Colleague: 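Below is a structure I'd like to ask you about.
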Amino acid sequence: MPVTLVDRLPLPNLKVYTAGSVLLLSVAVYYALSVTSDPNWRANATLQRQGAMGAEGEGEVLGMVQPLAEPTLAAANATRNISDQFVEVMTFMMQEPLCMWTVINIAYCALALFGVLVQRAVFGRLRVAEAQRLKDKLWNFVFYKFIFVFGVINVQYMDEVLLWCTWFTAVGFLHLLGQLCKDRFEYLSSSPNTGKWAHLRLLVLLGGIHCACAGLFAAAAHWGLPAGRDTFAFMFAECLLVFVSALHVVARYGLQAHDADAAGPIAYYTHLVFDSVALVVELVHVIHMVVYSNMLVSMASLVLLMQLRHLLHELQARLRRHRLYTALQHHMQTNYPMASKEEVEKNQDNCAICWEPMKEARKLPCSHLFHNSCLCQWVQQDASCPTCRRALAASGGSAALAAPLAPAPALRLPPGLEPPTVPHPNHLFHFDGSRYVSWLPSFSVEVTRVRMEPPAASQIDAMVRQVQAMFPQYPAGVLAAELAATRSPALTVDNILEGRLPPPPTPPPTEQPPPTPPPQAEVIESTSTSEPPPAAPPAATPPDDADALNAQEHIPQAGPVCGRFSGSAAAREASLARRKEQLVAAARARYRARRPASPAAPAPSTPHDS
Amino acid sequence: MAGSALRRLMAEYKQLTLNPPEGIIAGPIDEENFFEWEALITGPEGTCFEGGVFPAKLSFPPDYPLSPPKMRFLCEMFHPNIYADGRVCISILHAPGDDPMGYESSAERWSPVQSVEKILLSVVSMLAEPNDESGANVDAAKMWREDREQFNMIADRIVRKTLGL
């Protein structure tokens with residue numbers, strides 16, 4: 001949209017811009033000086049001003065420029081001191097369009113300089129992501145406010161445009177600063193070693209934003225109220241949005257300082273309140289605009305309606321998430337009791353999700369313990385025990401208790417995971433042909449999904465021994481993996497006899513049919529005669545458990561390079577780099593030792609580059 | 001959110017530093033950003049990748065232990081389960097919800113009890129035993145099945161390249 005277009009504009013850098021603006025201003029001032037010192041002009045101006053004073057009653061719009069003109073009455077005196085002259089020059093410049101533009105330009109320049117100053121003082125160098133985000137926000141803001149000023153308010157006079165511009169410049173400036181604070185806060189909290197100062201500076205800036213917001217409120221009340229309730233409401237909503245978003249960042253700081261855990265109810269409801277307040281305010285704001293502009297078929301209202309739709313959607317999603325959250329909380333509370341003190345003490349282990357010690361824990365039916373909040377977050381993604389993968393709702397018992405989880409699948413849960421509590425729905429299709437035509441057959445199709453629990457380790461062991469008695473050359477690991485997939489010694493034996501299971505590794509399997517044919521097809525086919533189809537296809541990736549690995553890697557070649565875990569970041573980084581170098585150097589040495597002739601070797605392999 | 005992820009990453013970093021698995025080193029590239037790690041993985045003994053030291057980048061999401069990190073090899077790789085751009089395709093790195101290939105059971109996928117160490121060990125075992133059914137790199141899978149000689153040769157060239165020899 002507007003962003004891409006503006007990106008291509010060659011914007012001058014700040015130095016050039018400042019220099020140009022100052023130059024323009026000085027030229028304008030010089031011009032104003034030379035004109036105002038001309039006696040003819042002075043006489044003329046005084047006359048004009050008196051005329052304007054008389055007409056002031058009707059022009060409300062001009063009211064804001066007027067205060068500047070009033071003191072110049074004194075300038076009617078022939079004696080001119082410096083302040084009078086200044087006022088005169090100013091008046092002249094406000095009246096002369098070209099001069100006025102340079103003044104506006106210098107105001108923006110000053111604002112830009114101020115912004116850069118704040119940025120240097122608080123943020124230091126902006127990160128690329130922050131800068132990009134800022135740019136996007138800026139042009140979005142400009143775009144929407146343009147729509148607002150010309151599409152909604154439908155301004156007629158230049159002065160009005162200027163006033164709104166001033167207003168939105170102030171609001172936009174604060175808005176962008178707030179956004180920057182938010183981004184920076186997120187960044188700072190994702191790094192373990194940021195000084196207190198960085199946070200302090202950010203907080204001071206946030207305080208500044210709040211003060212400025214208060215100023216904006218005052219401005220809205222002072223200038224907006226006389227211009228009508230609608231105008232005031234528009235201005236008020238803008239301020240409120242900036243205020244709420246800045247306050248949200250402060251609240252996050254508060255939560256962090258309080259060490260409230262990220263999924264605890266306090267933190268959750270704080271975020272919920274802020275998110276929904278911001279969304280509702282913006283929604284009302286946009287609805288107000290649509291109602292106010294009162295023209296349903298124009299570009300502006302189209303844009304507004306699009307925005308409205310987006311906001312509604314966001315709000316809906318937020319509320320849906322909230323419903324899911326409360327349902328989950330309820331479900332967990334009723335189904336999975338908190339572990340008793342003794343259980344927690346006996347457990348000793350840390351929470352497997354966050355690796356932090358547990359003072360209190362929630363216990364799953366499979367008797368694994370987790371922090372309440374950690375578990376809650378995980379269950380939102382996947383309804384299974386993180387440790388043993390047992391489907392959670394399955395042991396919850398009655399279907400009624402599992403019901404609160406029902407909205408979950410729509411959002412996150414993969415379809416296969418959630419229903420197991422409910423006695424499996426048999427997809428039944430019944431066609432009763434005789435109801436239509438007497439000779440049509442009747443038939444029904446019934447599909448049963450059975451979810452099989454993976455066999456316990458002891459069962460597998462027993463089966464492995466059974467098979468190994470027949471085929472001693474197969475290592476237990478391979479057989480166990482195969483049995484975990486087939487669940488039946490008989491099937492495994494079949495697979496071995498038919499060569500589907502790769503023979504033990506000693507001879508490298510080069511020319512044989514694919515080591516394991518598509519397991520799904522094969523297993524289903526072979527079980528179709530017997531009872532239930534297996535729920536899970538066998539391991540598709542190489543067995544990724546550490547055991548198999550350890551078995552294979554247990555021949556140590558050199559003492560592991562243990563590092564000390566230093567307290568300071570720099571020391572840690574240095575030691576990490578050193579260890580990396582050592583690892584590479586050791587590998588290089590080993591490689592050389594093994595294949596001293598390697599420099600000669602590269603030639604044949606190069607042509608095979610693909 | 002980020003706070004707990006950070007603490008967990010710190011704990012993992014500490015564990016990996018004090019008690020590193022054989023031939024594996026991992027840690028944040030720059031501690032300013034704890035969510036980007038670099039790992040060095042030594043090719044498993046007795047395989048065609050033996051002796052190589054392969055650098056990889058791990059990018060952690062802000063809700064880390066809940067969602068899996070992404071892993072990408074930084075060096076050239078030729079392996080059935082590694083995309084041409086270095087992305088690693090193993091089930092442990094797939095969130096329980098998504099199933100790009102459509103055949104993994106959720107039991108093998110990501111869960112918060114997994115860790116960087118387990119991921120890296122899985123990758124080592126993946127290097128040792130490619131799974132030629134999930135074809136992240138179809139050419140490599142085909143060559144692995146049909147022309148093991150040439151595959152080994154390419155692997156050896158990559159190994160030498162990672163060692164700077």
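The chains referred to below are lettered A, B, ... by the order of the sequence lines, with proteins before strands, and numbering in each begins at 1. Please read all numbers here as calculations on a predicted model, not as lab measurements.
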Colleague: Do F73(B) and V123(B) come close enough that some side-chain heavy atom pair is under 4.5 Å?
Modeller: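 Side-chain contact under 4.5 Å: yes.
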
Colleague: Between V53(B) and chain A, which part of the residue has a heavy atom less than 4.5 Å away: side chain, backbone, both or neither?
Modeller: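 Interface part for V53(B): side chain.
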
Colleague: If you count heavy-atom pairs under 4.5 Å between each of G27(B), P112(B), G52(B), G164(B) and chain A, which one has the most?
Modeller: P112(B)

Colleague: Quick check on A140(B) against chain A: is it the side chain, the backbone, both or neither that has a heavy atom closer than 4.5 Å?
Modeller: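 Neither part.
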
Colleague: If the threshold is 4.0 Å, N to carboxylate O, is there a salt bridge linking K182(A) and E186(A)?
Modeller: no

Colleague: Measure distances from V159(B) to the heavy atoms of chain A and classify the residue's part below 4.5 Å as side chain, backbone, both or neither.
Modeller: side chain

Colleague: Can you tell which of I119(B), L120(B), L121(B) makes a side-chain contact (heavy atoms from CB on, under 4.5 Å) with E117(B)?
Modeller: L121(B)

Colleague: Parallel, tilted or perpendicular: which describes the rings of H199(A) and Y253(A), with under 30° parallel and over 60° perpendicular?
Modeller: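 Rings of H199(A) and Y253(A): perpendicular, over 60°.
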
Colleague: At a 4.5 Å cut-off on heavy atoms, which part of L9(B) comes close to chain A: side chain, backbone, both, or neither?
Modeller: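 Nothing of L9(B), per the 4.5 Å heavy-atom cut-off to chain A.
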
Colleague: Report which part of D147(B) has an atom under 4.5 Å of a heavy atom belonging to chain A: side chain, backbone, both, or neither.
Modeller: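 No part of D147(B) comes within 4.5 Å of chain A.
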
Colleague: Any heavy-atom pair between the side chains of E356(A) and N350(A) that's under 4.5 Å?
Modeller: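 They are not in side-chain contact.
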
